Amino acid sequence: MRTSWADAVDNVATGSSDNAGTSGGKEQKSAPTKPAYVPPHLRNKTPASESPAPSLSGPPSGNDRSRYNGPTSGSQWAGSRSDYGRQGYGSGGRGSGGWGGRSGWGGREREVNPFGNDDVDADTEHAFNEQENTGINFDAYEDIPVETSGDNVPPPVNTFAEIDLGDALNLNIRRCKYVKPTPVQRHAIPISLAGRDLMACAQTGSGKTAAFCFPIISGIMRGHIPQRPRGVRTVFPLALILSPTRELSMQIHEEARKFSYQTGVRVVVAYGGAPINQQLRELERGVDILVATPGRLVDLLERAKVSLQMIRYLALDEADRMLDMGFEPQIRKIVEQMDMPPRGERQTMLFSATFPKEIQRLASDFLSNYIFLAVGRVGSSTDLIVQRIEFVHESDKRSHLMDLLHAQRANGVQGKQALTLVFVETKKGADSLEHWLCLNGFPATTIHGDRTQQERELALRSFKSGNTPILVATDVAARGLDIPHVAHVINFDLPNDIDDYVHRIGRTGRAGKTGLATAFFNENNMSLAKPLADLMKEANQEVPDWLTRFASRASYGGKSRRGGGRFGARDFRRDSSFNRSGSGNDYYGGGSGGGYGGYSGGYGPAATSAWD
DNA sequence: AAAAAAT
């Protein structure tokens, strides 16, 4: 069995890293230019200088939105963990110099360029000395509140130049046109490079993917190359990234491939609903970083196609989702009952935009002396997303939706057709609404768990390209998906959990663009009244009086908005009611406390963030 | 009660 990194060093050819059908076309379809749609509620409200409707000219992928800022410099955080002695891991912190080992890689196989034709010369100055085409509100940087807790929190960095990620990775960072780390990257990357476990709360679209990918790729590049067993049909990835949906795993894979281009670090994705054989072939060509959904991974583990015994890095994206009732047993099985090194030996990183305390407590089982990091308001309620709640009876929802869509179509949107993402509660409801929309002349498609994987991927592509500018979705599309140009999220059916609402509306208002989120509220959603009203108030949104009244009849027992205050989430270890829970050795020790409190000034309900 | 995730 070949594994890519070892192979590269041994001058053994590996397969080219063609991409297992992960699509993600970046085709920029041009559409007739029309005046921007201005939602009625904004027409008299917004300063003329601002475009109230989302601009459709952002970068192709808004997931990580900073750009490279300068040359590389010495290593400040050549972090090494203590426990990889066997493999000598951690001893290789000698900058990118130890990285010449790609010599055996280059000649034979041409790695597919994930940057496509856009691969500008990364060394040209103009490409990265400005931030002009990112559309990111960098002013928001200084105002973003940050809470860290845990022992000896490494200080944040301000530029990529302050950290030595290695030449090859730096080049890719430039190719991605990232100039400056986003807030979560500024804090999380030094923590990860120092080898620490991490629980990070950061808003959707704030650059989480890069925040965990950069340290993983860098660590693999500079770490000692472990001897991976040969001659068995089992592969031994060094890093595992788990996510709750197939499409999100695909997206992470695509991002990670860009970051690891020409580093020799190989990224493979595995998820259900697609032929396993192709994925097996990709795995057998070598894998350093495996991105997967839980079900398919368990399958691969049980067939002994994959072993986790070499795992150094474990990252859970949407970690609270991964640890909720539906997923937790599977995750526990993968992490605790297979052959993965125990916590403390591997490095574990959990990321999400929301992190309920109960889930934090569960999560601490997987972590060792970890650092808790909350960047910005957890939950996307930024001023960039205008939230509108309307009281609509069940029977009126379709005609009301029709009104919204008509208004939108009549106005059109500059450049490209505005994309509208409609969330419904059930798969059946999704099909039926899609059918009805199509009957009524609105090009719609749908994505949900009853569709074949092929249909799902086609639907997403068709939506992204603007071919089918209306996507009806269940919660399968609620988390993590980075779909540029979503102008409007409509909660046709509201979710029961406020966190789900937060993730859903986070599909718009990305990359510093404004977005609109409309929700249909009725008597079935009473349990959401209080948390919703609280969330909107916190986000400086206009709360309808009727919603305030429902909210004040607080007898509905909905989940109240997390602790209130400036952060959407707090380290549960700071909460005395959890402090005696006996969950092991992970209590907040009162140690450095990191930068907590340091940002308390200047942050109010009106603070704007590009990181939703 | 629903959704997601393996075949």
Side-chain angles (χ1 to χ4, degrees), chain A residues 20 240-253 268-280 282-283 290-306 308 316-335 337-338 352 354 356 359 394 421-434 446-457 459-460 471-481 491-504 507 522-528 556-559:
Chain A
L240 176 63
I241 300 171
L242 292 173
S243 97
T245 65
R246 298 163 182 174
E247 288 77 13
L248 183 53
S249 281
M250 290 171 48
Q251 178 181 302
I252 294 168
H253 173 241
V268 176
V269 67
Y271 53 83
I276 200 168
N277 281 334
Q278 196 179 351
Q279 293 175 5
L280 283 174
E282 287 296 321
L283 285 168
L290 177 58
V291 183
T293 49
R296 177 54 59 90
L297 177 61
V298 168
D299 190 15
L300 291 168
L301 291 168
E302 286 175 345
R303 299 188 194 197
K305 300 294 186 185
V306 172
L308 301 179
L316 303 191
D317 201 5
E318 308 296 343
D320 59 331
R321 178 78 182 79
M322 303 300 282
L323 295 172
D324 80 5
M325 282 200 327
F327 268 124
E328 192 254 359
Q330 262 181 315
I331 302 302
R332 203 170 277 281
K333 176 173 185 176
I334 291 167
V335 177
Q337 283 149 42
M338 307 305 288
S352 183
T354 53
I359 306 284
E394 214 58 45
L421 181 51
V422 183
F423 281 105
V424 298
E425 200 56 22
T426 66
K427 295 179 277 199
K428 254 185 73 182
D431 280 336
S432 121
L433 184 58
E434 179 219 12
T446 182
I447 184 168
H448 60 69
D450 273 354
R451 304 202 78 194
T452 67
Q453 192 53 30
Q454 233 182 354
E455 290 171 326
R456 286 166 57 159
E457 289 172 25
L460 197 54
L471 179 65
V472 183
T474 61
D475 267 331
V476 70
R479 282 175 176 260
L481 296 187
N491 274 290
F492 187 90
D493 302 317
L494 272 163
N496 295 316
D497 189 321
I498 189 67
D499 285 343
D500 293 334
Y501 174 83
V502 161
H503 285 275
R504 286 180 178 187
R507 297 315 99 209
N522 63 33
E523 60 280 0
N524 297 325
N525 310 116
M526 286 307 176
S527 68
L528 207 62
Y556 296 109
K559 177 174 178 177

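Just so we're clear, the structure is a prediction, and the values are computed from it rather than from any experiment. Naming convention: chains lettered A, B, ... in sequence-line order (proteins, then strands); numbering from 1 in each chain.
One interatomic measurement links the two molecules: CZ of R479(A) to P of dA5(B), which rounds to 13 Å at whole-angstrom precision. M322(A) has its CE atom 19 Å from the P atom of dA3(B), to the nearest Å. Per the geometry, CZ belonging to R451(A) stands 12 Å off P belonging to dA4(B), to the nearest Å. Remark: P of dA5(B) and NZ of K333(A) are 18 Å apart, rounded to the nearest angstrom. Rounded to an integer number of Å, the gap from Q279(A) CD to dA5(B) P is 13 Å. At whole-Å resolution of the value, CG in L297(A) and P in dA6(B) are 9 Å apart. One interatomic measurement links the two molecules: CZ of R332(A) to P of dA5(B), which rounds to 22 Å at whole-angstrom precision. When the P atom of dA2(B) is taken as reference, atom CG of N525(A) falls 16 Å away, rounded to whole Å.
Nearest to the side-chain atoms of H448(A) among the listed nucleotides dA5(B), dA2(B), dA4(B) stands dA4(B). Distances from the side chain of Q330(A) to the nucleotides dA5(B), dA6(B), dA4(B) place dA5(B) closest. Closest to the side chain of N496(A), out of dA3(B), dA5(B), dA1(B), is dA1(B). The nucleotide whose nearest atom lies closest to any side-chain atom of E302(A) is, among dA2(B), dA6(B), dA4(B), dA6(B).
Between T474(A) and dA4(B) there is a side-chain polar atom (N or O) within less than 4.0 angstrom of OP1 or OP2. For the OP1/OP2 pair of dA6(B) and a distance below 4.0 Å, the side-chain nitrogens and oxygens of T293(A) include at least one atom meeting the criterion. Dashed line: the shortest gap from a side-chain N or O of K427(A) to OP1 or OP2 of dA4(B) is under 4.0 Å.
Within the nucleic acid shown, G326(A) comes within 4.0 Å of at least one base atom, counting heavy atoms only. Contact annotation for V476(A): backbone-only contact, meaning every heavy-atom pair under 4.0 Å involves sugar-phosphate atoms and none involves a base. Nucleic acid contact class of R456(A) (heavy atoms, under 4.0 Å, all strands): sugar-phosphate only.
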Passes side-chain hydrogen bond (donor to acceptor under 3.5 Å, both in side chains), H448(A) versus D431(A)? Steps please.
CA-CA 9 Å; H448(A) 60 69; D431(A) 280 336; 2.9 Å; yes

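If you take OG1 on T474(A) and CG on D493(A), they are separated by 11.0 Å, rounding to the nearest 0.5 Å. Between L301(A) atom CG and I334(A) atom CD1 the span is 6.5 Å, to the nearest 0.5 Å.
No donor-acceptor contact under 3.5 Å links the side chain of R246(A) to the base of dA4(B).
Nearest heavy-atom pair across Q251(A) and L481(A) is OE1-CA, 3.3 Å.
Summary of the strand contacts: M325(A) and Q453(A) both lie near DNA chain B, and taking for each the nucleotide with the nearest heavy atom, the more 5' one is attributed to M325(A).
Looking at D450(A), I447(A), T446(A) one by one, the single match for side-chain contact (heavy atoms from CB on, under 4.5 Å) with R456(A) turns out to be I447(A).
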